[in-house]
Every structure is written in structure tokens, then in C-alpha cells.
Participant: 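Here it is: the structure, laid out below.
Every chain is numbered from 1, with letters handed out A, B, ... down the list of sequences. These numbers were taken from a predicted model, which means no experiment stands behind them.
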Amino acid sequence: MIQRPRGTRDFPPEEAHRRRAVREKMIDVMERWGYREVVTPTFEHLELFTLKSGEGVIEEIYSFKDKGGRDIALRPELTAPVMRMYVGELHSAPKPLRLYYFANCFRYERPQKGRFREFWQLGCELIGGRRSDSEAEVIAMADEVLRAVGIRGDIHIGYLGLIRSMLKKVPEAHRQSIMRLIDKKERDALRELLQSIGAEDLGIMELISLKGKGALDRAEELSAALSSVEISTEGAGSAHSSLEAACGESRREGARASARSGRSPESEMKLSDFREMLELLDAYGVDATVDFEIVRGLEYYTGTVFEIYASGLGAQNQICGGGSYELASLFGGSETFSTGFGLGFDRIMEVVGEVDPPIPPVVLAFTPDVKVDAIRIAKRLRNVSPVIIDVMGRSLSAQLKSASSINAEHVIIVGRRELDSGKLVLRNMTSGSQEELSIEAIEERLRSAFARTTK
RNA sequence: GCCGGGAUAGGGUAGUGGUCAUCCUGCGGGACUGUGGAUCCCUCGAGCCGGGUUCGAAUCCCGGUCCCGGCCCCA
């Protein structure tokens, strides 16, 4: 007996049907927003992902050498592949590009509730748009995608512009740790670190505690006050360029760093962009909480970041994350503003309720002497309904018993008598009533029954 | 990678260091070679893997695998 590999799952017919029904509802929303599906390879060069997320991710990537000695990785996510595709073959397509994907991804992690080694992500990337408009659209669409399957997520939106400005006044070496501590909500450790480097007056602690209404106004005050705050450590502002040069980073690391530092400070400073985005979001009718504690811990995010939570998932309650980022230049393209989100499909499946039941099949029962006629009839009826015929050589009564056990709604009985008279028996398994009809009439009946169940 | 709880027919379970193991359900067949669901009967089907202790292990011990909850992490 061979078991499944750890962290993988089988989906029996019922579950596979549920997943497809939910997936189609969500995809339908994105199509209606004008997004088009893209499909990328299941495996990529390992480098694609280390370039985006750093060498640290190798630990959690399924990677291997192929027979040609190449370092290959099963995709752990889809933003990098999609941006790779954009840079490689779509960079001169009319902007903006609205792309979505739904695909399985792989990560070598400890499985737990809502987390598997093979999992499915659904997401979008809006490439080449204007900041506020793009961000508002993507967040509003994420909300609608979730609502389409009956989930009202708790949306938290943060903005990295201001925190990045604050961090400009802090030595380069500490910036990443500060972001990490914020992301992990470790307030005490954060406060300690800020004090130890003399950065407690920058307003970081207050900023990240700002939530909901009024948060933005206060953030603007903090922003205005920032220019007058200086911290007295060793030339923080100029430290990073020399540090970068001195570090002897690899070519790739250097490319990553310059892609980030290449952004103009002004573009990160503008809280007015964020305010505008929130106004647009309001116009979309989306209810979200401003929360400057959302920083997503990732270096390539450039502006608005957001996370959506759902209840009922234990420790893994985040079902969606996204924001604006700059990755095109990292992959060799020109700098392009992009916004996207990724949705954890498996976690969504944990919290969605009932979905449409599958269409019940029609069973065509026959007597052995007319099997070939039954097959011809079944072939014809499959144009209007799922049709099953016996392949076990069962007696008529056993065929009916079997039809009953699979909850078939109708059974059509074909025998010598029916063929001679040209009228087949259509039996309703629920009521037990049956009538004799021509095959054309049966087609009509099934057509309308089918239309009802799929409506 | 860490902590804790688990693993007995397809699903759900019982039990004991001593005859290759309980019951329910399920699958297949039959009673029923042209009308299902009920009932009855028959068949099929199991102690995660490897080692150890023992006269004897599914039971006790160790290691592994997988599952569940949590930690770390979460692009």
C-alpha cells in the first residue's frame, strides 16, 4: 500500500466538485473585471524565486537538479512566474495588463490546518496602472471574489510609504529587522530595538498602532513632524550606499538591492496617494480597516499592502494578501508599477458553506437483448444530460437498485417492448411514477431538467 | 526543524501479552432471467512500516512514515 506524500491530498469526486464550483465562482468575478487567465510552468529555474525572495526561501522550495544539471524548482507561488512572463513576452502589450491565475504551488513546510505541501493559489496582477486606481481596483476585486463564495473577509490595509520614510533615518542594517518585528507584532522587542538605536522619536511605535478612522489624519501629522526629527547615530542616511558596496554581495543580490533603492523617495512619501486610494475604495463600497501594522515583511512591496482574514481557520486565518510592488526591473524589464493579490484557495475551501450539488445522472436501464440499442440511445441523450449505462451485466432489477443507490433522479428503461412501440419508459425515481415517451420527448424533458439544475 | 495527540477492512469502531481479531456500515452476489429503496442469506475486506523484548506482540519498548492541533516559518 503506497501512501500519499506528506502534505498532499486526494480529492474524491464530491470534493473535486466542490472545489471546481467554488473556483468557477471566483474566476467568474475576475473575468467580469476584465482579467484574463495566464498559465505558467509548474516548474521554473530556481533562480527565479531566489531572485525575488532571497536565498532563504530555498529551505522551503521543492528544488532538484534535472538530468541536464539545471537547478529546477516547483513553483512556490505565482507572482514571480507571472512577472517573468510579463517581462519576457508581454512587456509591450497595451497597458494596463489585467492577469489572473489559478494553479497549484509547492512548499516544503510542516503541514497543519489549512496548510499543505501542495496547495492552490488564485490571484491576480494588475500591471502598469496608476497607483491609487490600481490598488483600489485590486482590493475591491479581492473583496468581491470572496463575497462571491459567501465569505466576508476582514480587510486590513496598510501603507509602507510612511514607514519607509521613517526607516530612511535608521541605519540600513536595522531596517529589515524592524520591519520583521512589526510584521510579527512583537511590540516589546520592537520598542527595545528602537530605543537601543535611538530611534524611538520617529513615531514608529505610534504609527503601527494606528487603526481605523482617524488613523490617516494622525499619520499625516507624524509624516509632517518627521522632517524635524533626527537621530544621532552614525550617519544613518549615507550609510547604506557604502555598506552596499562594501558588502561584496553577489551580482544578483546587488541587482535586488539597486532595484529597490532605485525608487525615488518622493514616491514613497505620498500619503496623499494612500488617501486617494481609500476614497476610491469607498466608492467601490468596500469596508476596510486602515492598519499601519500591516507591512507584509517583504522588501519589494512599495506602497499599499493588505491582508484579509477569515474566521474558522485556527492559527492560519489569513486567506488573502497583496499589495503594490516593483518586480519587473528585478527580472530585467523596465520599472513597472504593479499591484496584485494571492488567495489561499485551500483555506477558502475550509470556510465556504454548501455549494451547488452535482447534476444527478440519468440511468439507462436495459434488458440484455437490446444492449446495442441502449448504447445508441445513451449516446444520443448525453447531448442533454449525464447518462450512465450498466457495465456490470446486471439484471434489470439490479440496475434499478444501483440507480437508486447513486441517487439518480431518472431512469429510462429500454427493452424489446419499448423498441417495438417506439416509446421508452421514463421513470422518476423520487416519486416512482413513470410514463411512456418517444425519445424526442425524453430529450426535451431532460433538457429542461438539466436547465433547472444548472440554471 | 520543535512540542503534544493519534494510526485496527473502503468508512466508523471493539478488544485482550496467548487459536491470523468485535460490531456497524459499505462493496459485490443471491432470493428476484421486465421495475429500485425493505428484509433475509452469502462472499470480499484490517491491527502503518522496520527493529527489539518475549516461548509467543496487533497489544510492551525504540526508530521511521503519515495524520491532527500548536510553535517556527509563511514569498
Participant: Run the salt-bridge test on A:Arg380 and A:Glu440 with the 4.0 Å N-O cut-off and return the result as yes or no.
Facilitator: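 A salt bridge is present here (some side-chain N lies under 4.0 Å from a carboxylate O).
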Participant: May I ask you to verify whether the side chain of A:Arg107 and the base of B:rA75 hold a donor-acceptor pair under 3.5 Å?
Facilitator: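 Indeed there is one.
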Participant: Using Watson-Crick or G-U wobble geometry with both distances below 3.5 Å, tell me the partner of B:rU33, or none.
Facilitator: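 Its partner is none (no Watson-Crick or G-U wobble pair with both distances under 3.5 Å).
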Participant: Taking atom CD1 of A:Ile413 and atom CG of A:Leu400, what is their separation to the nearest 0.5 Å?
Facilitator: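 Going from CD1 on A:Ile413 over to CG on A:Leu400, the span is 5.0 Å.
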Participant: Relative to each other, are the rings of A:Tyr301 and A:Tyr325 parallel, tilted or perpendicular (30° and 60° limits)?
Facilitator: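 A:Tyr301 and A:Tyr325: perpendicular rings.
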Participant: Need to verify one output field. Residue with the more 5' nearest nucleotide on RNA chain B, A:Tyr108 or A:Val57?
Facilitator: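 Result of the comparison: A:Tyr108.
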Participant: Is any side-chain nitrogen or oxygen of A:Arg180 closer than 4.0 Å to OP1 or OP2 of B:rC73?
Facilitator: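 For B:rC73, OP1/OP2 do have a side-chain N/O of A:Arg180 under 4.0 Å.
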Participant: If the C1' atom of B:rA46 is compared with that of B:rG30, how far apart are they to the nearest Å?
Facilitator: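 To the nearest whole Å, 26 Å.
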Participant: Measuring centre to centre across the rings, with the benzene-like ring taken for any Trp, is A:Trp120 within less than 6.0 Å of A:Tyr101?
Facilitator: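 Distance test on ring centres: not under 6.0 Å, no.
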Participant: Applying a 4.0 Å non-hydrogen cut-off, can you work out what A:Gln318 is touching in the nucleic acid: base, sugar-phosphate, or nothing?
Facilitator: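 No contact at all - A:Gln318 keeps every heavy atom at 4.0 Å or more from the nucleic acid.
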Participant: Decide if the gap between the ring center of A:Phe292 and the ring center of A:Tyr159 is smaller than 6.0 angstrom.
Facilitator: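 No.
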Participant: Just how far, in rounded Å, is P of B:rA75 from CD of A:Glu109?
Facilitator: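 My rounded result for the distance is 9 Å.
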Participant: Taking B:rC48 as the reference, what is the distance to B:rG6 when you measure between their C1' atoms (whole Å, please)?
Facilitator: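 After rounding to an integer number of Å, I get 12 Å for this pair.
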Participant: Give A:Glu418 one of three labels, base, sugar-phosphate or nothing, depending on what nucleic acid heavy atoms sit under 4.0 Å from its own.
Facilitator: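 If one applies the 4.0 Å heavy-atom cut-off, A:Glu418 turns out to touch a base.
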Participant: Is any side-chain N or O of A:Lys401 closer than 4.0 Å to OP1 or OP2 of B:rA38?
Facilitator: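 Looking at the OP1 and OP2 atoms of B:rA38, neither is under 4.0 Å from any side-chain N or O of A:Lys401.
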Participant: When both hydrogen-bonding distances must be under 3.5 Å and the geometry is Watson-Crick or G-U wobble, what is B:rA7 paired with, if anything?
Facilitator: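 Its partner is B:rU65.
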Participant: For B:rG70 versus B:rG15, give the span between their P atoms, rounded off to a whole number of Å.
Facilitator: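 Taking atom P in both B:rG70 and B:rG15, they lie 29 Å apart.
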Participant: Nearest whole Å is fine: how far is B:rU35 P from A:Glu436 CD?
Facilitator: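 One finds 14 Å between P of B:rU35 and CD of A:Glu436, rounded.
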Participant: With the side chain of A:Met429 defined as its heavy atoms from C-beta on, choose the nearest nucleotide among B:rG36, B:rC73, B:rG69.
Facilitator: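 Of the candidates, B:rG36 comes closest.
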Participant: Mind checking if A:Gln399 touches a base, just sugar-phosphate, or nothing, with heavy atoms under 4.0 Å?
Facilitator: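 Nothing: the residue A:Gln399, judged by heavy atoms under 4.0 Å, touches no strand.
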Participant: When all nucleic acid strands are considered with a 4.0 Å heavy-atom cut-off, which category describes A:Gly7: base, sugar-phosphate, or nothing?
Facilitator: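 Sugar-phosphate contact only - A:Gly7 comes under 4.0 Å of backbone atoms but never of a base.
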Participant: Quick one: A:Arg416 CZ to B:rU33 P, roughly how many Å, whole number?
Facilitator: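 Taking CZ of A:Arg416 and P of B:rU33, I get 20 Å after rounding.
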Participant: Counting the atoms with a prime plus P, OP1 and OP2 as sugar-phosphate, which does A:Gly56 contact under 4.0 Å by heavy atoms, base, sugar-phosphate, or nothing?
Facilitator: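 Nothing, no heavy atom under 4.0 Å.
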Participant: Considering heavy-atom distances to RNA chain B, does A:Asp183 or A:Ser433 have its closest nucleotide positioned more toward the 5' end?
Facilitator: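 Closest to the 5' end, via its nearest nucleotide, is A:Ser433.
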Participant: Taking only the C1' atom of each, what is the distance from B:rC32 to B:rU22 in whole angstrom?
Facilitator: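 About 33 Å, rounded to a whole number of Å.
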Participant: What integer distance in Å separates A:Asp346:CG from B:rC68:P?
Facilitator: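 Computing the A:Asp346:CG to B:rC68:P distance gives 12 Å.
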Participant: What is the distance, to the nearest angstrom, from the CZ atom on A:Arg6 to the P atom on B:rU65?
Facilitator: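 Result: 8 Å.
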Participant: Without decimals, in angstroms, what is the distance between A:Arg110 CZ and B:rC2 C1'?
Facilitator: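 That distance rounds to 10 Å.
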Participant: Taking NZ from A:Lys184 and P from B:rA75, how many angstroms apart are they, rounded to a whole number?
Facilitator: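 Atom-to-atom, A:Lys184 to B:rA75, this comes out as 12 Å.
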Participant: Classify A:Ile58 by what it touches in the nucleic acid, base, sugar-phosphate, or nothing, heavy-atom distance under 4.0 Å.
Facilitator: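 Contact class for A:Ile58: none.
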Participant: CG of A:Leu396 versus P of B:rG29: gap in Å, rounded?
Facilitator: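 About 14 Å, once rounded to whole Å.
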Participant: For the P atoms, the ones on B:rC55 and on B:rG12, what distance do you get once it is rounded to whole angstrom?
Facilitator: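 The same atom, P, in both gives a distance of 38 Å.
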Participant: When the P atoms of B:rU65 and B:rG28 are compared, how many Å lie between them, rounded to an integer?
Facilitator: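 Each nucleotide's P atom is 38 Å from the other's.
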Participant: Relative to A:Trp33, does A:Arg98 satisfy both conditions: NZ or CZ under 6.0 angstrom from the six-membered ring centre, and within 45 degrees of the ring's axis?
Facilitator: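 So A:Arg98 doesn't make the cation-pi contact.
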Participant: Counting only distance, no hydrogens or angles, is the base of B:rG36 paired donor-acceptor with the side chain of A:Gln434 under 3.5 Å?
Facilitator: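 Under the 3.5 Å cut-off, the side chain and the base do not form any donor-acceptor pair.
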Participant: Is there a donor N/O on one and an acceptor N/O on the other, under 3.5 Å, for the side chain of A:Arg394 and the base of B:rG29?
Facilitator: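 Counting by modelled atom types and ignoring angles, no donor-acceptor contact under 3.5 Å is found here.
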Participant: Before accepting this row, confirm whether a basic side-chain N of the pair A:Arg147/A:Glu144 lies closer than 4.0 Å to the acidic partner's carboxylate O.
Facilitator: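 Result for this pair is no, no salt bridge flagged.
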Participant: Would you indicate what A:Gln112 reaches in the nucleic acid, counting non-hydrogen atoms under 4.0 angstrom: base, sugar-phosphate, or nothing?
Facilitator: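 Touches a base.
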Participant: In the strands shown, is B:rC73 matched to any nucleotide by a Watson-Crick or G-U wobble pair with both distances under 3.5 Å, and which?
Facilitator: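 B:rC73 is paired with nothing.
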Participant: In whole Å, what separates the P atom of B:rG51 from that of B:rA58?
Facilitator: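 Those two atoms are separated by 12 Å.
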Participant: Taking syn as a glycosidic torsion within 90° of 0 and anything else as anti, which one is B:rG47?
Facilitator: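 Glycosidic conformation of B:rG47: syn.
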Participant: Checking only heavy atoms, does the side chain of A:Arg115 share a donor-acceptor pair with the base of B:rC74 at less than 3.5 Å?
Facilitator: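 Yes, the side chain and the base share a sub-3.5 Å donor-acceptor pair.
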Participant: Supply the atom-to-atom distance A:Tyr35 OH to A:Leu97 CG, rounded to the nearest 0.5 angstrom.
Facilitator: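 Reported value, rounded in 0.5 Å steps: 10.5 Å.
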